[in-house]
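Residue numbers begin at 1 in each chain, while the letters A, B, ... track the order of the sequences.
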There are 2 protein chains.
Amino acid sequence: MIKFILLGFLNYQPMTGYDLKQTIDESTAHFWHAHHSQIYTTLRQMDQEGLVTSVQVPGEGLPDRRIYTITPAGKQALQTWLNQTQTEVSPIKEELLVRLFFSAQRDPQQVLTELRLQCELHREKLAAYRRIAEEMVNHHAQAIPSLQRDKHFWRLTLEMGMRYEEAYIAWLEDSIRKIEVL
Amino acid sequence: MIKFILLGFLNYQPMTGYDLKQTIDESTAHFWHAHHSQIYTTLRQMDQEGLVTSVQVPGEGLPDRRIYTITPAGKQALQTWLNQTQTEVSPIKEELLVRLFFSAQRDPQQVLTELRLQCELHREKLAAYRRIAEEMVNHHAQAIPSLQRDKHFWRLTLEMGMRYEEAYIAWLEDSIRKIEVL
DNA sequence: CGCCACATGTAAAAAGTTACATGATTAG
DNA sequence: CTAATCATGTAACTTTTTACATGTGGCG
């Protein structure tokens, strides 16, 4: 999966592993994150597979940078993957739900503390998403024309993020109320 | 993580790997699934760590069954884990959002087909959750008293499942409409 | 006759996380 | 002076997935 994210971004422009990490962190990380170690090793692999090429650029004073460029084979691999249709729903792994599922024997006050903290964190996430959404509208004018179409899709994923956080917060608030009177 | 799910269920009653797989599939799999291979190997590990004990029961005609029982050390490990407070939001990994993020260069009709299929699948999931919720209400009377408290928490996770599916469906419907007029 | 349920496992690969490691520059 | 940013990587480990493997009994 991370392979296709890297190909997806390299399809816009050549980048280093470091750049890719930054880019991912402020975009797809909201629904698919990766550590820098995984990014660097996956780029190496992709280089060997011929999906990308790389050139080392000596940095003056700073460390050298290795710039990765997508190859025709890489573009092909990306397109092939995108042209498939996902026929299953993406499985969820939510640690908090596991914890709550088995929380009957816990001290309710501790559970409440945990849920209230999560609520706070999710409110922050929602606020962050809303800021990004606003920025998107504000910077609409000075946008690069070639990415206009892409932006619509980025926006859609952002909207899912906001809906998700809204639902999560509403559920947490509801759950907190229910546990309080339990 | 799967370790704690196994401990959580074994804390209710001794079970075999097979039973655990069934139990997980119809409960926590909605937010944390595992293949049988992982369950069996993790149980073996836990046995070595002293978190569970096991006895092999010869099956007449059928294959032998290995019944796992939680130990005091296992109960302790479960409690210790539960008594922690999760201070981060659980990270999300949603393949569909990754695909959509990079879908600008795809044929819009293909994207729509994919989203409509996902919509159908999520509607089925929601319907399934609602059936489970109804069952929970109907079988409320004949419930085991010792699990009354647990049921409240199971119910909460189910409610998150329903909210999640509702949000997902609403978002998909909205996205489909937006892509149609793009 | 073929498939499903029962019941368990091993092996190998892929994916992901955590920790270790370096070393210069720059801002507070 | 201390922390952060830049920029890369390796190693070890854990977790998860996929595939291989076995053998009976019952149902249609």
Measure the distance from [atom1] on [X] to [atom2] on [N] and round it to the nearest whole Å.
| X | N | atom1 | atom2 | result |
| --- | --- | --- | --- | --- |
| R44(B) | dA11(C) | CZ | C1' | 15 Å |
| D47(A) | dG9(D) | CG | C1' | 15 Å |
| I67(B) | dG9(C) | CD1 | C1' | 17 Å |
| R65(B) | dT24(D) | CZ | C1' | 15 Å |
| L43(B) | dT8(C) | CG | P | 9 Å |
| D64(A) | dT8(D) | CG | P | 9 Å |
| Y40(A) | dA11(D) | OH | C1' | 17 Å |
| Q48(B) | dG9(C) | CD | P | 12 Å |

Q. The helix from dC1(C)-dG28(D) to dG28(C)-dC1(D): angle between its terminal axes, five pairs each, to 10°?
A.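 Between the first-five-pair axis and the last-five-pair axis there is 40°.
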Q: Determine yes or no for a side-chain-to-main-chain donor-acceptor pair under 3.5 angstrom, with R99(A) supplying the side chain and L82(B) the backbone.
A: yes
**Q.** Base-contact (B) and sugar-phosphate-only (S) positions in nucleotides 12-23 of chain D, heavy-atom cut-off under 4.0 Å, - elsewhere
**A.** ---SSBBB---B
Q. Counting only non-hydrogen atoms, which of residues 16-29 of chain B are less than 4.0 Å from DNA chain C?
A. T16(B), G17(B), Y18(B)
Are [X] and [Y] ion-paired here, with the side-chain N under 4.0 Å from a carboxylate O?
| X | Y | result |
| --- | --- | --- |
| E159(A) | R155(A) | yes |
| E120(B) | R123(B) | yes |
| D47(A) | R44(A) | no |

Q) More than 12 non-hydrogen atoms from neighbouring residues, nucleotides or ligands closer than 6.0 Å to CD on E88(A), yes or no? A)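 No.
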**Q.** Atom NE2 of H33(A): over 12 foreign heavy atoms under 6.0 Å
**A.**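 Yes, NE2 of H33(A) has more than 12 neighbouring heavy atoms, counting only those of other groups under 6.0 Å.
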**Q.** Pairs where residues 37-59 of chain B contributes a residue and the test ring pair (Phe, Tyr, Trp, His ring centres under 6.0 Å) is met, not counting sequence neighbours
**A.** H36(B)-Y40(B)
**Q.** Option among R130(A), K125(A), H122(A) that satisfies the side chain to side chain donor-acceptor pair (under 3.5 Å) test with E165(A)
**A.**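 In the set R130(A), K125(A), H122(A), the residue that makes a side chain to side chain donor-acceptor pair (under 3.5 Å) with E165(A) is H122(A).
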Q) Looking at residues at least two apart in the chain, or sitting in another chain, which of them share a ring-ring contact (aromatic ring centres under 6.0 Å, His included) with W171(A)? A) Y168(A)
Q.
Checking F102(A) now: which residues fulfil ring-ring contact (aromatic ring centres under 6.0 Å, His included) with it, not counting sequence neighbours?
A.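 Result, ring-ring contact (aromatic ring centres under 6.0 Å, His included) vs F102(A): F9(B).
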Q.
When you compare the side chains of Q45(B) and T41(B), does any donor N or O come within less than 3.5 Å of an acceptor on the partner?
A.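 The answer is no; no qualifying pair exists.
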